[in-house]
Q: 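If you scroll down you'll find the structure; I have some questions about it.
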Amino acid sequence: MVVVQRKELTLAERLYLPEVLRGLSLTFRKFFEKPITRQYPEQPLPTDEVTRGQPRLVVKDDGNIACVSCGMCEIACPAYAITIDGGETDRMIEREPKKFEIDMLRCILCGFCEEACPKDAIFMSNELELADYTRAGLVYDIEKLKRPKSALQKRIDYVYRLNNRWRSKQ
Amino acid sequence: MTKIQINGREVEADPKQPLIRACHDQGVDVPMYCYHPGLAPVGSCRICQVEVAAAPGQPSRVVAACRTPVSEGMVVSTDTPKAHDTRRECLEFLLKNHPLDCPICDKAGECDLQDYSFNEGQGKGRSSEPRRKLEKRKSLGDVIVLDEERCILCSRCVRFFTDVTKKAQLTVEGLGSRSVINTYMDKPLEGNYQGNLADICPVGALTSKKFRFQARVWNLSKTLSTCGECSRGCSISVEALRAKEVKRLRPRYNAAVNQWWMCDTGRHALAPLTRPLAPEGAVLGGRLRGAAVRGYNGLELADDVAALDLAADMLAAHPGAAVIVSPFATQEEAKAALALAQALKATPQFVSPAPNGLKDDLLHTGDPCPNRRGLVEQGFTALEPAAALAALAAAPAAVLAGERVLEFLGHEGLAKLPTKLRLVAFDVETSDIPALDVVFPVPTHVEKSGHWVNVDGHVGVLNVAVPPPSGVRRLDAQLAALAAKLAATPARS
Amino acid sequence: MEDFVKELPVWVLWVAKVAIIFGGLVATAALMSLAERKVSAWMQYRHGPNRVGPFGLLQPLADGIKFIFKEELIPAGANKFLFRLAPALAAIPAMMTIAVIPIGTIQIGETKIPFSIAQVDLGIMYMLALGGLSVYGAILGGWASNSKYSLLGGLRASAQMISYELTLILSILVVVALSGSLDLGAIVEAQRVNGLWNVFTPFGALAFVLFTIASFAETNRHPFDFAECEPELVGGFHTEYSAMRFALFFLGEYCAMTVMACLNTTLFFGGPSVPFWANAPWYVGILAFLIKAGFFLFLFIWVRWTLPRFRFDQLMRLGWKVALPIALANLLVVGAWVAFSTKGS
């Protein structure tokens with residue numbers, strides 16, 4: 001059992017007015033301090049490679065999408081946000097996604113897709129903003145998800161560093 | 001029967017079967033690549049090695065279970081370190097040249113090599129040599145593509161042609177590490193059973209051109225069903241992408257009907273199962289969305305109940321209607337159609353299209369009526385399409401019921417029918433037939449449950465693999481509703 | 001200029017003064033809604049509204065537009081007439097009381113024009129009478145809404161206003177006794193003549209503290225805002241109000257605050273008089289008045305964002321068992337002191 005010992009109030013405290021003045025002086029001092037609020041659209045949140053933003057698809061330097069639509073991210077996705085339909089291509093890698101959709105309203109930015117991908121094709125970008133006038137507009141198709149590899153390079157390097165650290169521990 | 005001991009358990013085994021079969025019959029998992037229960041064992045892959053002693057206490061050694069006959073008192077252990085080690089080493093050799101294609105490979109998810117590598121493999125290869133570079137996309141005819149790199153040379157495909165179709169077409173070409181699978185003289189494969197190669201290939205070397213890269217196998221829902229291509233009624237599994245779109249039909253083992261195989265015509269008969277819906281609000285140009293009745297501007301979508309009332313009224317007002325069902329009608333639908341025919345005092349008949357000339361010695365019967373035997377047993381009369389059309393032209397009214405019944409009768413012939421004929425049809429799709437007054441939508445045979453009786457009297461089961469389009473009701477229920485409505489409608493003559 | 005002003009009809013001056021003072025009052029109330037949010041933000045390391053106009057100065061305008069375009073809802077079962085009347089009853093008396101506050105004197109040449117709408121001998125009586133009416137807004141609004149939260153809020157508001165009205169009046173009476181007049185102008189003049197603001201006299205100081213506390217309670221401001229105690233009563237008597245009617249309640253509250261600030265200035269801080277500068281020009285006087293009133297307005301906000309809300313029983317205990325006896329005793333002593341000292345002189 002916990003017995004709470006209430007402090008006996010002094011006369012000044014019981015009179016309350018001195019305490020009111022003390023409180024007023026405190027708020028008055030805080031009045032002149034610098035605001036810590038971030039002015040969001042003008043000052044966006046600083047992001048770096050650790051930021052786990054929305055998933056994006058890597059476009060390799062030769063202009064082809066790195067994804068081979070193996071479906072690993074689709075099966076790894078705990079929110080069922082990813083839908084992939086594959087198809088045949090004439091390239092050396094015979095398979096590519098014909099449809100690759102991520103329902104950003106379902107996506108929980110967990111990064112499992114990035115972890116599951118065997119082809120380094122999907123990475124969590126530092127893009128965080130998500131707004132549209134319709135729900136359908138937030139189901140991102142392949143064109144909206146494509147990013148050049150250079151734009152995601154920092155994250156790719158980071159993921160490799162992270163994975164190597166895990167491997168060396170094993 | 002012979003008594004042997006498998007993993008410490010006394011069991012009885014058939015001495016005519018190889019040891020691996022005895023293990024599998026007892027539910028003991030022994031991996032296999034080259035062995036297939038439907039093909040002669042050759043023992044080329046060595047993955048099925050188990051530890052065997054001639055008798056308890058005797059020295060044991062590791063042998064390939066597929067080539068070892070069962071002998072009295074044999075002691076078999078599949079789970080010993082020695083057996084595991086041998087299999088692991090064997091796998092390492094198999095994987096030496098196998099490319100890491102799993103993200104691309106169609107077999108991924110149902111690949112024996114993946115499964116056993118996961119169970120028995122060592123995770124890392126020790127070879128520092130580069131893998132073989134071979135042709136990745138070698139076309140073997142219209143149905144099959146060969147990826148030579150992925151091939152582990154189990155020769156199942158070679159033996160399929162020698163053992164099952166009895167017409168050898170494939171061979172292992174070259175020697176040693178240069179061995180590849182090829183056809184004789186580079187001729188394309190022929191025959192109606194090539195699709196089975198994609199099924200029996202334990203890895204992703206032989207893949208079906210039609211299914212290539214269409215779906216990941218773990219996204220396919222598998223439903224037990226029966227093939228409707230011919231009266232053989234092969235047992236199949238219907239595999240649909242995300243339980244919505246039928247992507248492939250695969251044979252399923254049925255000792256009495258089709259063993260492990262099915263023909264390519266049946267395997268590729270996807271078009272009738274995946275036809276698109278008619279445009280919103282339209283009757284023609286795709287599958288029927290709902291009941292349609294003839295209005296001033298041709299067929300128009302109508303309320304189901306109103307259409308049923310109209311059909312019952314017409315049939316009541318024009319006695320002597322003919323009842324013709326589709327050869328695809330299930331036993332249950334046939335029963336409902338029989339009741340309707342009795343109510344209309346009609347002879348129950350079914351359309352029986354002519355044999356399509358695909359008959360062969362293995363499975364295909366050439367008769368495109370999957371439920372012929374069942375319908376005949378229920379008392380239906382077979383009717384050639386031409387005869388059926390003649391009967392329709394003479395009849396005052398008619399009920400045509402069942403999946404694709406209009407197609408089997410022939411749309412051209414139906415279009416020539418006199419418009420005074422009162423025609424009520426139940427079909428998946430219709431054309432603009434002038435005589436057609438009311439038409440109701442029905443599900444296809446992968447969208448309903450039921451039974452077919454095949455040519456030998458074996459019952460094949462149908463299950464719901466994909467949901468029918470919204471508002472499409474079972475045919476037997478619709479026929480029963482029509483019969484009930486008819487009974488409640490006073491005759492007007 | 002001077003001649004021109006002299007020749008103007010009297011009603012023109014009246015209209016001008018009414019327009020300036022009422023306009024100023026409504027503008028102050030509007031700006032207070034912004035100031036409230038700004039000050040609270042600054043006290044909490046935030047920026048406050050800064051999107052509409054420079055530094056968010058046009059925020060009240062934006063809020064006004066929003067209020068106008070919002071849907072006006074009248075709850076089912078509400079007394080429609082009283083429901084519509086209540087916001088007006090809350091806003092109008094609060095705005096009317098400003099009429100008697102002497103803000104200063106406008107001097108053009110030699111002509112002196114008192115800068116207040118009316119110079120009433122019974123200014124304080126007028127003020128208290130109108131101030132007493134504002135309780136009707138709360139109680140009628142609460143009752144007419146046909147909602148238990150509103151009704152409880154209205155009841156609490158009226159109980160609280162009536163309780164603290166006593167203390168308020170008694171502490172004003174101290175000033176009246178000290179100055180010997182009910183005319184606000186005369187009270188200001190007395191302080192100027194004495195050279196001593198009432199707040200610096202011992203009785204006046206006590207009266208000032210009591211008056212300030214009572215004025216917080218009268219205007220339903222923190223820490224006494226039981227009329228709209230959110231955790232308990234959703235929004236109090238104006239729970240069911242929306243759009244411009246709700247804005248009127250808001251306007252009434254801020255006008256009442258402004259008037260109380262002006263009254264505090266007038267009664268205890270010498271109105272427009274400037275310390276140590278007896279002959280200050282008239283505009284400095286008005287400026288001084290505005291600065292003093294502005295400080296009290298700031299005090300309203302300052303206290304709100306410093307103190308937590310009382311419990312209702314604490315409020316009542318403070319009102320009846322602490323403030324009222326002290327105020328009564330204060331008045332008695334002042335009365336005796338005034339009576340005997342004037343008799344003696």
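As a basis for the values below, the full set of heavy atoms in this structure was taken, side chains included, without hydrogen atoms, waters or symmetry mates. Each chain gets a letter, A, B and so on, in the order the sequences are listed, and its residues count up from 1.
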Q: Quick one: do B/K247 and B/E245 make a salt bridge, cutoff under 4.0 Å?
A: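 Between B/E245 and B/K247 there is a salt bridge, with a charged N closer than 4.0 Å to a carboxylate O.
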
Q: Can you name the residues of residues 90-105 of chain B that have some heavy atom under 4.5 Å away from a heavy atom in chain A?
A: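 Listed by number, the contacting residues are B/P103, B/I104.
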
Q: Using a strict 4.0 Å threshold on nitrogen-to-oxygen distance, state whether A/E143 and A/K146 make a salt bridge.
A: yes

Q: Restricting to side chain to side chain contact (heavy atoms under 4.5 Å, CB included), what partner residues turn up for B/S177, sequence neighbours left out?
A: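 B/S177 satisfies side chain to side chain contact (heavy atoms under 4.5 Å, CB included) with no residue once adjacent residues are dropped.
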
Q: Report yes if the side chains of B/M262 and B/I236 come closer than 4.5 Å at any heavy-atom pair, otherwise no.
A: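 Heavy-atom side-chain distance check passes, below 4.5 Å.
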
Q: Identify which of A/K119, A/E74, A/M72 forms the greatest number of heavy-atom pairs closer than 4.5 Å to chain B.
A: A/E74

Q: Salt bridge between A/R161 and A/E49, side-chain N to carboxylate O under 4.0 Å?
A: yes

Q: Is it true that B/D106 and A/R95 have a side-chain N and a carboxylate O under 4.0 angstrom from each other?
A: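 So B/D106 pairs with A/R95 through a salt bridge.
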
Q: For chain A, which residues of residues 112-119 of chain B have at least one non-hydrogen atom nearer than 4.5 Å to it?
A: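 When heavy atoms of chain A are the reference, residues 112-119 of chain B contributes no residue within the under-4.5 Å range.
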
Q: Looking only at non-hydrogen atoms, find the nearest pair between B/C45 and B/C34 and report the distance.
A: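 Smallest interatomic distance, heavy atoms only, reads SG-N, 3.4 Å.
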
Q: Does anything in residues 128-138 of chain B reach chain A? List residues with heavy atoms under 4.5 Å apart, or say none.
A: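 Listed by number, the contacting residues are B/K136, B/R137.
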
Q: Go through the atoms of B/A108 and report whether side chain, backbone, both or neither lie under 4.5 Å from a heavy atom of chain A.
A: neither

